[in-house]
Amino acid sequence: MNRETTNVRLRVTSPTLTAVDIEAKLGIKADESWKIGDRTGTFGALLKDHGYALDGVALYTLKLDDHLRALTKRIAPVAKKIGEISVSAKVEIVCTMFCKTPPPITFTRDDVRWFAAIGASLDVEVNLLVERNLPPAQKKPGLFPPSES
């Protein structure tokens, strides 16, 4: 991956509430969900919690603020219900960025109040993209047949 992207999602995990339970409470179908015992990652680790996730619907190339606003707009009608769920589940706003240089990351006072109102913690993951300058391919003796003139 060499392209800069940003994604913001609401992630709810719980040892007792399933994605189906959360979906029923919020009335919004999950963009991604999982169950205890599902396998994840390269090594197939077993998940210890049920999970439900909603993504902010914005272009991947937009700034973090735009993605956060898109998620806020999507879940604003059910913010109170998310706050109620946060009593028995872990609610997180997960911001994932792949970028060439570290961007400025700021949250307004209203953003912080909103996170608190829905009982959410904030997880910001910044992954720096490294440009690899590979030397030009060189011909090695013996690997190519001699050219015929």
Side-chain angles (χ1 to χ4, degrees), residues 1-140:
M1 173 184 285
N2 215 9
R3 191 165 57 170
E4 294 186 307
T5 61
T6 300
N7 184 39
V8 175
R9 75 177 1 192
L10 171 76
R11 182 170 58 197
V12 181
T13 55
S14 171
T16 56
L17 291 174
T18 67
V20 173
D21 296 335
I22 296 165
E23 189 175 306
K25 289 178 186 260
L26 298 182
I28 301 174
K29 184 169 175 48
D31 293 324
E32 183 181 359
S33 63
W34 55 94
K35 302 178 301 235
I36 291 175
D38 284 353
R39 294 195 175 273
T40 187
T42 306
F43 300 106
L46 289 174
L47 294 172
K48 297 179 182 179
D49 289 315
H50 299 291
Y52 171 96
L54 292 174
D55 292 319
V57 183
L59 293 174
Y60 287 108
T61 55
L62 293 178
K63 294 181 179 181
L64 178 60
D65 291 352
D66 299 320
H67 285 270
L68 191 57
R69 300 297 163 255
L71 180 64
T72 302
K73 184 177 180 180
R74 184 172 183 196
I75 64 175
V78 294
K80 184 176 179 182
K81 292 177 183 177
I82 294 169
E84 293 167 0
I85 288 172
S86 72
V87 174
S88 57
K90 183 177 182 181
V91 175
E92 301 171 280
I93 302 296
V94 181
C95 308
T96 307
M97 295 177 282
F98 289 89
C99 48
K100 293 178 183 172
T101 58
I105 299 173
T106 58
F107 298 98
T108 66
R109 181 174 43 193
D110 289 339
D111 291 335
V112 175
R113 285 182 183 150
W114 184 75
F115 299 150
I118 65 170
S121 62
L122 178 64
D123 179 12
V124 179
E125 302 169 6
V126 178
N127 303 282
L128 294 179
L129 298 172
V130 178
E131 292 289 329
R132 291 195 174 117
N133 294 324
L134 299 175
Q138 298 178 1
K139 291 184 180 179
K140 295 183 181 179

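All values reported here derive from a predicted model rather than from experimental measurement. What's counted below: heavy atoms across the whole structure, side chains too, no hydrogens, waters or symmetry copies. By convention here, the first residue in the shown sequence is residue 1.
- For Arg9, the salt bridge (Lys or Arg N to Asp or Glu O under 4.0 Å) partners at least two apart in sequence or on another chain are Glu32, Asp55.
- Side chains of Lys100 and Val130 form no contact here, defined as non-hydrogen atoms less than 4.5 Å apart.
- With contacts defined as side-chain heavy-atom distances shorter than 4.5 Å, the pair Cys99/Leu128 qualifies.
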| request: Give the intermediate values and the outcome of side chain to side chain contact (heavy atoms under 4.5 Å, CB included) for residues Ile28 and Tyr52. | output: CA-CA 10 Å; Ile28 301 174; Tyr52 171 96; 3.6 Å; yes
Can you give the donor-acceptor pairs under 3.5 Å from side chains of residues 33-48 to other protein atoms, not counting sequence neighbours?
from  : atom 1 : to    : atom 2 : distance (Å)
Asp38 : OD2    : Lys35 : N      : 2.9
Arg39 : NH1    : Gly44 : O      : 2.7

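- We find the CG-NZ distance between Leu17 and Lys25 to be 6.0 Å, quoted to the nearest 0.5 Å.
- Put simply, OG1 on Thr13 and CD on Glu92 are 5.5 Å apart, with the number rounded to the nearest 0.5 Å.
- The minimum heavy-atom distance linking Ala19 with His50 is given by the pair N-CB, 4.5 Å.
- Nearest heavy atom pair, residue Pro103 against residue Val126, reads CD-CG1, 4.3 Å.
- Here the closest non-hydrogen pair linking Ala89 and Val12 is CB-CG1, 3.8 Å.
- A salt bridge links Asp31 with Arg74: at least one charged nitrogen is closer than 4.0 Å to a carboxylate oxygen.
- With hydrogens and angles ignored, the 3.5 Å screen pairs no side-chain donor or acceptor of Glu125 with any backbone N or O of Cys95.
- For the atom pair Leu129 CG and Thr5 OG1, the distance stands at 7.5 Å (nearest 0.5 Å).
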Just do the side chain to side chain contact (heavy atoms under 4.5 Å, CB included) check on Ile75 and Leu26 with the steps written out, would you? CA-CA 9 Å; Ile75 64 175; Leu26 298 182; over 6 Å; no
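- For the pair Ala30 and Leu54, the tightest heavy-atom approach, listed with the atom from each and the gap, is CA-CD2, 4.0 Å.
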request  = Decide side chain to side chain contact (heavy atoms under 4.5 Å, CB included) for Phe107 and Leu68; before the verdict, give the C-alpha distance in whole Å, the side-chain angles of both, and the deciding distance to 0.1 Å.
outcome  = CA-CA 10 Å; Phe107 298 98; Leu68 191 57; 3.9 Å; yes
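- Heavy-atom minimum distance, Ser14 versus Ser88: OG-O, 3.6 Å.
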Side chain to side chain contact (heavy atoms under 4.5 Å, CB included) for Ile118 and Ile93? Distances and angles first, verdict last. CA-CA 10 Å; Ile118 65 170; Ile93 302 296; 4.1 Å; yes
Contacts table for residues 77-85: side-chain donor-acceptor under 3.5 angstrom, sequence neighbours left out:
none

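- Scanning all heavy atoms of the two residues, the minimum distance from His67 to Asn7 falls at ND1-CA, 4.2 Å.
- Using a 4.0 Å cut-off between charged side-chain N and carboxylate O, Asp66 and Arg69 make no salt bridge.
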